[in-house]
*Asks:* 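Take a look at this one; I'll ask things after.
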Amino acid sequence: MSERVLITGGAGFIGRRVTENLLRRGYRVRILDSFVEQVHGPRRTLPDALADVEAIPGDVRDEDALRKALAGIDSVLHLAAEVGVGQSMYAIERYVSANDLGTAALLERLAHKPVRRVVVASSMSVYGEGLYIDRDGNPVEDAERSNAVSLSWDPVDASGAPMIPAATPEWKRPNLASVYALTKFVQEQMTLTVTAAYGMEGVALRLFNVYGPGQALSNPYTGVLAIFASRLANGKPPLVFEDGRQRRDFVHVDDVAEAFALALEHPKAAGKIYNIGSGQDRSVLQVAEMLAAAMNKAEIAPEVSGKGRKGDVRHCFADTSKAEKELGFVARQDFTQGLAALAEWAAGQQAHDRIAEARSELEKRGLVA
Ligand code: UD1
């Protein structure tokens with residue numbers, strides 16, 4: 001008999017792809033999702049492709065909904081969360097409540113009736129700045145940007161020389177620079193602690209910058225590619241912060257879905273934390289140009305603002321060797337093809353550019369540099 005898996009947040013951008021992946025593998029899937037308007041817009045239903053999946057509308061903090069959702073379940077993938085880093089800095093109670101109390105409610109229920117495995121979606125945001133290498137070739141775990149020391153956007157060493165960014169491994173010390181990062185760290189640690197105490201297997205996936213079709217284009221608090229796609233779809237140039245040379249790891253949502261399946265299945269994963277990225281780093285300026293080309297809007301050049309966003313890290317990209325070695329995870333989606341798929345999807349969407357609105361929310365509160 002195949003396992004019955006509950007996916008919290010299963011109607012979201014990542015959750016939907018995870019659901020599809022598990023269905024293909026023969027799992028029986030149930031979704032618990034609160035269908036929040038900021039993500040789903042006014043149409044609060046599952047897409048047609050998932051019409052046959054059992055979906056319970058509700059929040060993990062709602063006792064009744066949670067009890068119903070967990071009935072007869074063998075394993076849980078916990079993706080339900082508030083996801084905006086900037087927004088977390090003013091909607092503090094909402095973020096801590098949804099992410100940490102939400103996880104607490106789920107785990108407390110599971111303590112009464114344990115399941116085999118709980119996989120939680122964590123985030124690269126727990127690292128703060130990624131790993132750097134100093135002039136002598138030593139790894140630096142606590143790099144920070146100090147505009148007072150240098151005119152460069154890059155973190156510098158004691159002598160003022162910029163350091164070299166390196167792929168960030170799971171062992172790098174966390175540096176929790178936003179309320180969002182704090183809540184994600186609490187989610188992963190709480191999951192690992194409570195599952196271990198009750199004989200369950202906990203796994204945490206630190207997702208890097210996830211992109212792909214289905215990304216909530218009108219939610220101004222999601223990732224940069226959705227924001228750029230929404231700008232371009234409205235004929236506006238992508239607004240690039242800093243000098244555009246900041247580097248990230250953009251991982252396709254289908255690769256992430258595969259990572260969740262492996263994390264659910266692999267015996268070695270129990271009790272572990274894994275980076276999930278593509279293993280390739282790219283600059284924000286480069287991806288702005290590539291996306292414009294993919295959307296047939298190459299004539300719209302990105303606008304490099306030369307201004308930073310408060311709380312942004314300069315570079316962070318994944319060392320994925322642990323996930324590769326232990327889970328057999330390798331990101332397979334080609335970036336250019338992934339952008340083409342995002343572009344095609346975006347073309348069929350009505351993207352309301354709410355970036356200006358979101359920016360003024362942050363500005364009002366002094367949260368933009
Ligand atoms: C953050 C979180 C990450 C979360 C993601 C999406 C951190 C370190 N990481 O990643 O966990 O999954 O948000 O919520 O907090 N940029 C522009 N123009 C824009 C928007 C962004 O140039 O209009 C730049 C940013 O300055 C940044 C890069 O693009 O350098 C990526 O930004 P974003 O997609 O928001 O994600 P992160 O900050 O990397």
Side-chain angles (χ1 to χ4, degrees), residues 9 12-14 38-39 79 81-89 95 99 121-131 143-145 153-154 165 168 172 174-185 187-188 204-212 215-217 219-232 234 236-251 253 256 275-277 281-289 291-292 302-318 342 351 353-359 362 367-369:
F13 160 50
I14 301 173
Q38 183 174 309
V39 178
L79 285 86
E82 296 279 359
V83 297
V85 177
Q87 193 174 39
S88 79
M89 296 302 285
Y95 272 70
N99 296 0
S122 181
S123 159
M124 52 80 91
S125 67
V126 303
Y127 293 120
E129 279 294 341
L131 187 71
E144 268 186 42
R145 303 211 256 188
W153 291 105
D154 289 299
T168 299
K172 194 199 94 78
N175 180 3
L176 306 166
S178 67
V179 172
Y180 175 74
L182 261 167
T183 66
K184 280 284 148 187
F185 191 65
Q187 279 194 305
E188 68 174 47
L205 300 184
R206 290 180 177 163
L207 309 182
F208 278 66
N209 296 64
V210 187
Y211 79 98
Q215 211 161 356
L217 293 190
N219 178 359
Y221 296 100
T222 52
V224 64
L225 280 175
I227 294 173
F228 286 175
S230 159
R231 299 271 304 174
L232 287 161
N234 286 289
K236 294 189 199 150
L239 188 63
V240 173
F241 298 135
E242 305 181 18
D243 59 359
R245 293 193 193 164
Q246 60 271 37
R247 302 188 83 77
R248 292 292 189 278
D249 181 323
F250 294 93
V251 59
V253 64
V256 172
N275 282 345
I276 301 300
D281 58 299
R282 295 173 198 280
S283 77
V284 170
L285 186 58
Q286 184 195 4
V287 301
E289 287 165 353
L291 180 64
E303 190 181 314
V304 180
S305 78
K307 280 193 188 167
R309 191 172 61 169
K310 228 176 211 177
D312 257 357
V313 299
R314 177 63 171 167
H315 305 293
C316 191
F317 45 91
L342 175 65
D353 185 0
R354 302 211 305 228
I355 310 306
E357 219 176 281
R359 197 169 166 84
L362 297 178
L367 293 172
V368 183

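Ligands are counted one by one from 1 in listed order, and the atoms in each one are counted from 1 as well. It should be emphasised that the depicted structure is a prediction, and the values quoted were computed from it without experimental measurement.
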*Asks:* Does ligand 1 have a heavy atom under 4.0 Å from the side chain of V83, from its backbone, from both, or from neither?
*Replies:* backbone
*Asks:* Mark up the atoms of ligand 1 that fall under 4.0 Å of a heavy atom belonging to N209, in ascending order.
*Replies:* 10 (O), 34 (O), 36 (O), 37 (P), 39 (O)
*Asks:* Would the distance check show the side chain of Q187 and the main-chain N or O of N99 forming a donor-acceptor pair, the cut-off being under 3.5 Å?
*Replies:* yes
*Asks:* I want to know if ligand 1 touches M124 in the polar sense, i.e. an N/O pair below 3.5 angstrom.
*Replies:* no
*Asks:* For F250 and Y211, take the angle between the two ring planes, folded into 0 to 90°, and tell me which bin it lands in: parallel under 30, tilted 30 to 60, perpendicular over 60.
*Replies:* perpendicular
*Asks:* State, yes or no, whether a side-chain contact exists between F228 and V284 at a heavy-atom distance under 4.5 Å.
*Replies:* yes
*Asks:* For the 3.5 Å polar cut-off, considering only N or O atoms, please tell me whether V224 and ligand 1 meet it.
*Replies:* yes
*Asks:* Any idea which atoms of ligand 1 are less than 4.0 Å away from a heavy-atom of G223?
*Replies:* 34 (O)
*Asks:* Between the side chains of R314 and D243, is the shortest nitrogen-to-carboxylate-oxygen separation below 4.0 Å, so that they form an ion pair?
*Replies:* yes
*Asks:* Please report the closest heavy-atom contact between P302 and E289, naming both atoms and the distance.
*Replies:* CG-CG, 3.8 Å
*Asks:* With a 4.0 Å heavy-atom cut-off (strictly under), which part of S123 contacts ligand 1: side chain, backbone, both or neither?
*Replies:* side chain
*Asks:* Does ligand 1 have a heavy atom under 4.0 Å from the side chain of V284, from its backbone, from both, or from neither?
*Replies:* side chain
*Asks:* Evaluate E242 for polar contact with ligand 1, using N/O atom pairs at a separation under 3.5 Å.
*Replies:* no
*Asks:* Within the 4.0 Å heavy-atom shell around I227, which atoms of ligand 1 are there?
*Replies:* 23 (O)
*Asks:* Kindly identify the option in Q246, R231, R309 whose heavy atom sits closest to atom 32 (O) of ligand 1.
*Replies:* R309
*Asks:* Suppose I only count heavy atoms of V240 and a 4.0 Å limit; which atoms of ligand 1 are within that range?
*Replies:* 22 (O)
*Asks:* Which heavy atom of C316 sits nearest a heavy atom of T168, and at what distance?
*Replies:* SG-OG1, 4.1 Å
*Asks:* Judged by non-hydrogen atoms, does F228 sit under 4.0 Å from ligand 1?
*Replies:* yes
*Asks:* Is ligand 1 under 4.0 Å from a heavy atom in the side chain of Y127, in the backbone, in both, or in neither?
*Replies:* neither
*Asks:* Go through ligand 1 atom by atom and flag the ones less than 4.0 Å from a non-hydrogen atom of V85.
*Replies:* 1 (C), 2 (C), 13 (O), 15 (O)
*Asks:* Side chain, backbone, both or neither: which applies to R248 and ligand 1 if a contact is any heavy-atom pair less than 4.0 Å apart?
*Replies:* side chain
*Asks:* Quick one: which ligand 1 atoms are inside 4.0 Å of a heavy atom on L239?
*Replies:* 17 (C), 18 (N), 19 (C), 22 (O), 23 (O)
*Asks:* Which pair of non-hydrogen atoms, one from F185 and one from P174, has the smallest distance, and what is that distance?
*Replies:* CE1-CG, 3.6 Å
*Asks:* Hydrogens and angles aside, do D281 and H315 bring a side-chain donor and acceptor to less than 3.5 Å of each other?
*Replies:* no
*Asks:* Under 3.5 Å, is there a donor on one side chain and an acceptor on the other for Y95 and Q87?
*Replies:* yes
*Asks:* For K184 and A121, indicate whether the former's side chain and the latter's backbone hold a donor-acceptor pair under 3.5 Å.
*Replies:* yes
*Asks:* Is there a side-chain contact between L232 and L291 in this structure, where contact means two heavy atoms from C-beta onward sitting under 4.5 Å apart?
*Replies:* yes
*Asks:* For G128, is at least one N or O under 3.5 Å away from an N or O on ligand 1?
*Replies:* no
*Asks:* State the atoms of ligand 1, each with its element, that fall below the 4.0 Å cut-off from a heavy-atom position in Y180.
*Replies:* 11 (O)
